[in-house]
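Side-chain atoms are counted along with the backbone in the values below, which use heavy atoms only and exclude waters and symmetry mates. Not measured: the values here are computed from a predicted model. Both counts, for ligands and for their atoms, begin at 1 and track the order of listing.
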Amino acid sequence: MRIGIIGTGIVGVATAGWLQRDGHEVIFIDPREAGEACSFGNAGSISPSAVLPVAMPGMWKKVPKWLLDPDGPLVIRSHYLPRVLPWLMQFLRHSTEAEVTRIAGAMRGLLSPVFEAYEPLLQRAGAMSMVRRNGCLYVYSSRDMAQKWAWGANLRRDLGVEMQELEAEALFELEPDLRGSFGFGQYAPDNGSTPDPSALVKAIYAQAIRDGAEHLYDGVTGFDLSDSIVRALKLASGETLAVDGVVVAAGAWSAQLARMLGTRVPLESQRGYHVTVQDPGISLNRNVMAVEQNIMVNPMAMGLRLAGTVELAGLKEPPNYARAQSLLRVGETMFPGMRTASFTEWMGHRPCLPDSMPVIGRPQRVENAWLGFGHGHVGMCGGATTGRELANLISGRSPEIDLTPFSPERFRRGLAR
Ligand SMILES: Cc1cc2nc3c(=O)[nH]c(=O)nc-3n(C[C@H](O)[C@H](O)[C@H](O)COP(=O)(O)OP(=O)(O)OC[C@H]3O[C@@H](n4cnc5c(N)ncnc54)[C@H](O)[C@@H]3O)c2cc1C
């Protein structure tokens with residue numbers, strides 16, 4: 001089949017790689033180069049343990065304090081509040097213990113096979129070095145402080161995630177430069193990361209092109225549909241593109257396309273920022289999640305990347321780099337003595353659904369379209385498995401994981417379950 005893939009982020013390129021293994025012809029449609037949108041500047045964690053949703057029990061109590069703190073982890077631009085409020089209410093409804101337990105279980109299914117889903121793609125691309133399997137650390141100022149997050153950590157353990165507790169000295173043995181602000185850690189040895197998320201995406205993309213994929217630098221604006229079948233894609237240039245099937249992997253921009261295929265999803269952009277510090281004078285060996293600060297720190301090929309924060313302001317507003325500056329300020333308190341003379345800043349649109357789970361599957365009303373988007377904070381973790389599962393569906397095989405929780409139609413029924 002000739003499959004059009006809308007989007008060349010991690011989800012689009014991984015889907016292409018898996019589809020080509022089944023002998024399908026692939027054509028990417030994206031006005032941008034591969035790996036230049038949200039998949040460009042993320043924190044690069046590639047972790048089967050990243051199963052917890054963003055909305056956690058008791059979070060609603062913390063929101064007012066966060067909103068008052070200019071360096072806090074959440075900002076809502078005031079003009080955007082009325083627009084995003086219904087989404088926020090839905091988001092908070094998923095923060096009960098029962099919901100979080102259900103979501104984490106489903107996400108464990110998606111994220112557990114992360115490395116086996118990447119491996120064939122990276123092997124073929126000669127890019128195995130794009131994934132490092134050297135664990136990650138969750139760090140806290142003290143063991144007492146870690147207690148505040150114990151419920152989530154225990155849920156991870158219940159789902160089979162290995163987490164080794166490290167008192168201060170053991171922590172500093174692994175990562176000497178954590179000395180100063182941190183006094184307790186949890187080491188998750190089965191996790192990993194990439195030294196360059198954009199290069200990872202570009203490597204899989206380049207292999208797909210070598211294997212015969214084409215890339216049309218255009219935007220998709222609609223579909224020619226008849227008898228529940230997409231016959232062609234309508235393009236921003238005014239052209240049309242005939243396809244046998246289509247995958248919507250357009251990240252935070254996917255909702256409108258899904259709606260044209262008859263599926264309404266409450267997709268919101270959780271804008272996130274990074275600073276990548278060149279020559280920081282700090283050396284880490286692996287990904288570190290500073291839990292109290294809500295910042296992920298990853299030693300990358302191009303410098304030490306600090307990434308995080310959530311800003312709700314939609315897809316159109318320009319970035320507010322004060323958010324990136326605040327990451328840098330908090331980073332300086334975490335790593336006293338960090339050199340910050342040279343750094344880059346970036347903002348990306350995380351594609352987020354209120355239950356922190358992606359949609360993976362076919363719109364009910366269309367026979368030859370598939371949706372793969374909404375991976376929120378964990379697209380690098382879940383992208384490759386999503387690609388594998390979409391290829392399974394498109395090629396008529398049974399999925400290898402339970403896709404029921406990721407049904408694109410789950411929002412029709414009110415509380416997504
Ligand atoms: C600060 C930050 C830190 C993060 N850290 C991590 C992390 O450590 N680990 C992790 O797993 N995830 C992380 N994420 C999340 C991760 O980056 C995303 O989930 C992931 O990149 C989404 O990939 P995607 O392929 O769905 O979308 P994108 O990479 O955004 O790609 C979508 C593509 O679709 C194209 N497109 C859009 N509309 C159209 C159209 N109409 N026609 C044609 N093309 C179109 C766009 O041009 C774009 O190229 C982080 C995100 C941020 C912001």
Side-chain angles (χ1 to χ4, degrees), residues 4-16 28-48 50 54 73 107 110-111 114 136 191-194 197-198 200-201 204-205 215-223 233-237 241 246-258 260 267 269-276 287 289 294-298 300 305-311 315 319 323-324 327 345-353 356 358-360 371-387:
I5 299 187
I6 309 175
T8 53
I10 186 58
V11 179
V13 303
T15 305
F28 293 111
I29 310 96
D30 193 325
R32 298 199 221 198
E33 295 293 344
E36 292 288 323
C38 196
S39 303
F40 176 83
N42 57 67
S45 157
I46 297 188
S47 295
V54 184
M107 289 303 286
L110 179 68
L111 302 186
V114 48
C136 93
N191 284 354
S193 66
T194 176
S198 182
L200 165 63
V201 173
I204 298 173
Y205 165 85
H215 185 166
L216 211 55
Y217 289 88
D218 210 332
V220 175
T221 54
F223 303 94
L233 311 181
K234 296 179 186 167
L235 305 177
S237 58
L241 175 73
V246 61
V247 174
V248 178
W253 299 269
S254 300
Q256 215 181 340
L257 296 167
M260 291 185 234
L267 189 69
S269 162
Q270 287 190 15
R271 299 150 58 112
Y273 289 80
H274 86 213
V275 283
T276 305
N287 229 24
M289 178 67 200
N294 223 337
I295 293 179
M296 188 160 272
V297 190
N298 191 350
M300 290 203 172
R305 177 165 296 171
L306 292 89
T309 88
V310 169
E311 179 185 53
L315 288 167
R323 299 296 295 154
L327 286 170
E345 306 169 313
W346 171 85
M347 185 275 282
H349 293 284
R350 298 182 190 96
C352 293
L353 290 154
S356 301
V359 299
I360 306 170
L371 308 177
F373 61 82
H375 293 73
H377 293 232
V378 294
M380 299 306 293
C381 305
T385 317
T386 300

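- Between Phe28 and Tyr205, the ring-plane angle classifies as tilted under the 30° and 60° cut-offs.
- Side-chain atoms of His377 and Val310, non-hydrogen and from C-beta on, do get closer than 4.5 Å to each other.
- Proximity of Asn298 to ligand 1, defined as any heavy-atom pair under 4.0 Å, is not found for any part of the residue.
- Here the protein heavy atom with the shortest distance to atom 5 (N) of ligand 1 is Ala43 N, 3.0 Å.
- No side-chain heavy atom of Asp30 sits under 4.5 Å from any side-chain heavy atom of Tyr217.
- Distances shorter than 4.0 angstrom occur between a heavy atom of Pro31 and an atom of ligand 1.
- Residue-ligand proximity: Tyr273 is placed with a non-hydrogen atom under 4.0 Å from ligand 1.
- Of all protein heavy atoms, the one closest to atom 46 (C) of ligand 1 is Asp30 OD2, 3.5 Å.
- For atom 38 (N) of ligand 1, the nearest non-hydrogen atom from the set Phe40, Phe28, Trp253 belongs to Trp253.
- Side chain of Asp218 to backbone of Leu235: no donor-acceptor contact under 3.5 angstrom is found.
- At a 3.5 angstrom cut-off on N or O pairs, Gly348 does not count as close to ligand 1.
- An N or O contact shorter than 3.5 Å is missing between Gly219 and ligand 1 by distance.
- Scanning all heavy atoms of the two residues, the minimum distance from Arg271 to Pro319 falls at NH2-CA, 3.6 Å.
- Where the criterion is an N or O separation shorter than 3.5 Å, residue side chain and backbone included, Val11 meets it with respect to ligand 1.
- The proximity of Met380 to ligand 1, defined as any non-hydrogen pair under 4.0 Å, involves the side chain as well as the backbone.
- With hydrogens and angles disregarded, no donor-acceptor distance shorter than 3.5 Å links the side chain of Ser269 to the backbone of Leu315.
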Fill in: Residues His375, Thr386; criterion side-chain hydrogen bond (donor to acceptor under 3.5 Å, both in side chains); working and verdict
CA-CA 9 Å; His375 293 73; Thr386 300; 2.7 Å; yes
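- Note on ring orientation: taking the six-membered ring where Trp is involved, the planes of Phe40 and Trp346 are tilted (angle from 30° to 60°).
- Nearest to atom 36 (N) of ligand 1 by heavy-atom distance, out of Ala250, Ser269, Ser198, is Ala250.
- Contact atoms of ligand 1 toward Gly7: 33 (C), 34 (O), 35 (C) (distance under 4.0 Å to a heavy atom of the residue).
- Looking at ligand 1, you won't find any N or O of Arg350 less than 3.5 Å from one of its N or O atoms.
- The shortest N or O to N or O distance between Arg32 and ligand 1 is under 3.5 Å.
- Backbone and side-chain nitrogen or oxygen atoms of Ser45 are examined, and one is located within less than 3.5 angstrom of a nitrogen or oxygen of ligand 1.
- Of the protein's non-hydrogen atoms, Gly376 O, 3.0 Å is the one closest to atom 15 (C) of ligand 1.
- For atom 12 (N) of ligand 1, the nearest protein heavy atom (residue, atom name, distance) is His377 O, 2.9 Å.
- Formation of a donor-acceptor pair under 3.5 Å by the Arg305 side chain with backbone atoms of Asn42 is found in this model.
- For ligand 1, the polar-atom distance check finds no N/O of Gly12 at less than 3.5 Å from any of the ligand's N/O atoms.
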